[in-house]
2 protein chains.
Amino acid sequence: MARFEKVPDIVIGRLPVYLRALTRLASEGQEITSSQQLGKMLGVSSAQIRKDLSYFGEFGKQGMGYNIAHLQEQLSAILKVDREWEVVVVGAGPLAEALIREDPFAGKGFRIVALFDSRPERIGQRLAGMEILDSAQLPEVVRQRGLKVAILAVPAAEAQQVADTLVAAGIKAILSYASTTLSVPPEVRLQYNDAAAQLQRMAYYLQ
Amino acid sequence: MARFEKVPDIVIGRLPVYLRALTRLASEGQEITSSQQLGKMLGVSSAQIRKDLSYFGEFGKQGMGYNIAHLQEQLSAILKVDREWEVVVVGAGPLAEALIREDPFAGKGFRIVALFDSRPERIGQRLAGMEILDSAQLPEVVRQRGLKVAILAVPAAEAQQVADTLVAAGIKAILSYASTTLSVPPEVRLQYNDAAAQLQRMAYYLQ
DNA sequence: CCATCTTTGTCAATACTTGCACAAAAGCCT
DNA sequence: AGGCTTTTGTGCAAGTATTGACAAAGATGG
Ligand SMILES: NC(=O)c1ccc[n+]([C@@H]2O[C@H](COP(=O)([O-])OP(=O)(O)OC[C@H]3O[C@@H](n4cnc5c(N)ncnc54)[C@H](O)[C@@H]3O)[C@@H](O)[C@H]2O)c1
Ligand SMILES: NC(=O)c1ccc[n+]([C@@H]2O[C@H](COP(=O)([O-])OP(=O)(O)OC[C@H]3O[C@@H](n4cnc5c(N)ncnc54)[C@H](O)[C@@H]3O)[C@@H](O)[C@H]2O)c1
């Protein structure tokens with residue numbers, strides 16, 4: 001397939017899902033898989049998996065399937081997570097504490113390197129070993145370190161204002177835990193991590 | 001539009017997004033909105049919003065737009081979150097603590113009513129005011145209270161086994177924070193809350 | 001009370017996404 | 001070595017989703 005056409009965003013959105021499935025298979029000691037096995041795991045058709053991968057190249061062997069470690073490497077490179085992006089977290093509350101303690105990004109291409117809060121009594125304290133910095137310093141730190149990725153963990157009422165500051169400082173991707181709609185310029189990527197919305201989506205099918 | 005045809009899941013997935021936007025408008029004191037304003041907020045076309053709503057009925061007034069409070073009520077009823085679903089959380093770690101402390105589901109149709117862990121030293125302790133129960137008791141409690149919704153906040157290695165227990169106990173919707181692919185029967189809804197996957201999706205567009 | 005303006009709900013056209021089906025490639029087994 | 005089996009990558013058809021366009025409904029203002 002032509003490697004130059006624009007890849008649909010919906011395809012990009014599935015690559016991390018494939019990566020997650022491959023991680024599980026690898027952790028179970030498997031070395032080879034097939035589009036059929038992956039499809040069954042994920043509840044999608046094998047054709048979709050092959051088609052998605054074909055946007056980027058040929059990664060399998062006919063008759064054999066895919067080498068799991070190799071496919072992980074390739075997908076990581078495609079998603080640009082074969083490196084470590086430095087991430088800033090804004091809002092040093094319980095959610096930030098869980099994120100820093102657990103580090104769910106370890107080995108996934110991201111590392112939390114700075115934590116900010118605006119409450120004077122929190123500044124200078126430590127949260128799960130990480131120093132809480134004054135959010136007045138945020139633009140300076142983001143610019144100096146060239147940070148591109150931010151996690152928003154402030155109350156909903158503060159979120160838009162903090163997002164504006166992040167964008168002005170040069171952040172290009174924001175993951176927001178605040179359960180409010182945000183506006184950012186089109187060149188900045190925005191994702192909402194909204195557990196309530198996820199539950200609501202499932203509630204429709206209950207009963 | 002015919003009210004009897006099956007509504008596409010992708011439409012259901014957008015309803016919580018609309019609800020979130022309406023909440024923001026309401027919090028800003030607005031009483032009326034239009035498909036155009038909502039579309040601009042959310043970065044989608046106004047036609048899409050009107051079409052999505054038309055699956056369920058007519059909620060606006062021509063020339064005027066939509067009454068925000070009324071539309072919120074209607075969407076809540078459609079999503080079946082005009083009531084309070086009781087939710088069980090499994091895994092009493094820092095993430096569960098953040099969830100219970102912050103209660104991001106308040107007023108959104110869900111309430112956390114039980115918290116389980118398997119580590120003997122955690123059982124009987126309290127987490128953010130909520131008693132930690134023995135996960136051996138989980139099936140009994142879920143069945144007795146008729147719980148349908150669960151949040152999975154255990155390490156990835158335990159997640160599948162806990163999911164199996166939840167399903168066997170009668171749970172019909174699972175929100176999993178564990179970053180591993182799970183298998184559940186088709187009648188059980190499953191959503192992943194995977195922050196790493198969300199960041200990976202955005203990373204593709206960086207640079 | 002009428003003209004003008006706004007905005008809905010819906011149809012039809014366009015655009016996008018998925019899945020079928022199959023040739024080709026590659027391993028396996030006798 | 002050759003036939004059998006498996007599984008990929010992809011063209012194409014079928015199926016879904018999105019958008020443009022507009023009639024109809026309702027508000028607004030003189
Ligand atoms: N706790 C969860 O599990 C969970 C889950 C989903 C979403 N959320 C949402 O994530 C956000 C954070 O959750 P939390 O439990 O940590 O909330 P929190 O309110 O306890 O903590 C937020 C922190 O942000 C700080 N803050 C406020 N305004 C700020 C600003 N302008 N600049 C910098 N820092 C600022 C506060 O001082 C506080 O320390 C909330 O919006 C919450 O609704 C939380
Ligand atoms: N912390 C975060 O912000 C965050 C974000 C995204 C995802 N996650 C994921 O969410 C999960 C929970 O995060 P955490 O930080 O609370 O993890 P954690 O490992 O600190 O806590 C998990 C808790 O689950 C309990 N547990 C283990 N096995 C169990 C079982 N079979 N039955 C019942 N309880 C069991 C453990 O005793 C522990 O108390 C992890 O999978 C983590 O990767 C966390």
Side-chain angles (χ1 to χ4, degrees), chain A residues 1-18 21-22 25 30-72 74-75 78 186 201 204, chain B residues 1-18 21-22 25 30-72 74-75 78 186 201 204:
Chain A
M1 180 172 279
R3 300 294 128 65
F4 306 107
E5 66 185 294
K6 197 187 164 301
V7 181
D9 179 61
I10 195 164
V11 172
I12 303 301
R14 282 192 291 260
L15 300 187
V17 177
Y18 299 160
L22 291 170
L25 290 175
Q30 217 175 300
E31 291 186 2
I32 301 271
T33 187
S34 65
S35 59
Q36 210 164 61
Q37 182 182 33
L38 278 171
K40 202 166 273 174
M41 269 180 89
L42 297 170
V44 304
S45 77
S46 63
Q48 176 160 87
I49 291 170
R50 295 198 300 278
K51 189 115 216 272
D52 285 354
L53 298 179
S54 78
Y55 279 101
F56 306 99
E58 310 194 350
F59 306 112
K61 269 205 206 138
Q62 290 174 325
M64 277 293 282
Y66 302 92
N67 177 286
I68 290 176
H70 179 244
L71 189 51
Q72 285 181 302
Q74 297 293 310
L75 290 180
I78 291 162
R201 180 176 194 163
Y204 176 79
Chain B
M1 179 171 279
R3 298 294 130 65
F4 306 107
E5 67 184 293
K6 198 188 165 297
V7 180
D9 179 60
I10 194 163
V11 172
I12 303 302
R14 281 193 293 259
L15 300 187
V17 177
Y18 298 161
L22 291 170
L25 291 175
Q30 217 174 298
E31 292 187 1
I32 301 271
T33 186
S34 66
S35 59
Q36 209 163 60
Q37 182 183 32
L38 278 171
K40 200 166 274 174
M41 267 180 92
L42 296 171
V44 305
S45 76
S46 64
Q48 176 159 88
I49 290 170
R50 294 199 299 278
K51 182 115 217 272
D52 285 353
L53 297 179
S54 78
Y55 279 101
F56 305 99
E58 309 193 352
F59 306 112
K61 267 203 208 144
Q62 289 175 322
M64 276 293 281
Y66 301 91
N67 176 287
I68 291 175
H70 179 242
L71 189 53
Q72 284 181 303
Q74 297 293 309
L75 290 180
I78 291 163
R201 180 176 195 162
Y204 177 80

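Residue numbers start from 1 in every chain, and the chains themselves are labelled A, B, ... in the order their sequence lines are given, proteins ahead of strands.
- Relative to the side chain of Y66(B), the nucleotides dT7(D), dT18(D), dT8(C) differ in distance, and dT8(C) lies closest.
- Phosphate contact (OP1/OP2 of dA21(D), side-chain N/O of R50(B), threshold under 4.0 Å): absent.
- If you check dT8(C), dA17(D), dT19(D) against the side chain of I10(B), the one that comes closest is dA17(D).
- Minimum atom distance to the side chain of S54(B) is reached by dT10(C), of the listed dA21(C), dT10(C), dT7(C).
- We find the NZ-CD1 distance between K61(B) and I32(B) to be 7.5 Å, quoted to the nearest 0.5 Å.
- Note: CD1 (I32(A)) to P (dT8(D)) measures 11 Å, nearest angstrom.
- Within the nucleic acid shown, L53(B) has no heavy atom closer than 4.0 Å to any nucleic acid atom.
- The closest side-chain heavy-atom distance from Y55(B) to I78(B) is not below 4.5 Å.
- The distance from atom CG of L71(A) to atom P of dT7(D) is 16 Å, rounded to the nearest whole Å.
- Remark: S35(A) is in phosphate contact with dT8(D), judged by side-chain N or O atoms under 4.0 Å from OP1 or OP2.
- Between the CG atom of D9(B) and the C1' atom of dT16(D) there is a distance of 13 Å, rounded to whole Å.
- Each of dT10(C), dT8(D), dT8(C) was ranked by its minimum atom distance to the side chain of E58(B); first place goes to dT10(C).
- Here the closest non-hydrogen pair linking A21(A) and L38(A) is CB-CD2, 3.9 Å.
- Atom-to-atom, CG of N67(A) to C1' of dT7(D) comes out at 15 Å; the value is rounded to the nearest Å.
- Residues T33(B) and L25(B) come closest through the heavy atom pair OG1-CD1, 3.7 Å.
- Sequence order on DNA chain C of the closest nucleotides to M64(A) and S46(B) puts S46(B) first from the 5' end.
- Rounded to whole angstrom, the span from the NZ atom of K40(A) across to the C1' atom of dT7(D) amounts to 14 Å.
- Contact check for L15(B) versus F56(B): side-chain heavy atoms found under the 4.5 Å cut-off.
- With dA25(D), dA26(C), dG20(D) as the candidates, the nucleotide lying closest to the side chain of A47(B) is dG20(D).
- When distances are taken from the side chain of Q62(A) to each of dA24(C), dG27(C), dT7(C), the shortest belongs to dA24(C).
- You'll find that the side chain of S45(B) is closest to dT19(D), out of dT8(C), dG19(C), dT19(D).
- I12(B) has its CD1 atom 16 Å from the P atom of dT16(D), to the nearest Å.
- Taking every side-chain heavy atom of P8(A) into account, dT17(C) is the closest of dG27(C), dT10(D), dT17(C).
- With rounding to the nearest 0.5 angstrom, the CD1 atom of I49(B) is 12.0 Å from the NZ atom of K40(B).
- The separation between L38(B) atom CG and dT7(C) atom P is 12 Å, rounded to whole Å.
- The side chain of K51(A) sits closest to dT18(C) out of dG27(C), dT18(C), dT7(C).
- We find that CG of D52(A) is positioned 13 Å from C1' of dT10(D), with the value rounded to whole Å.
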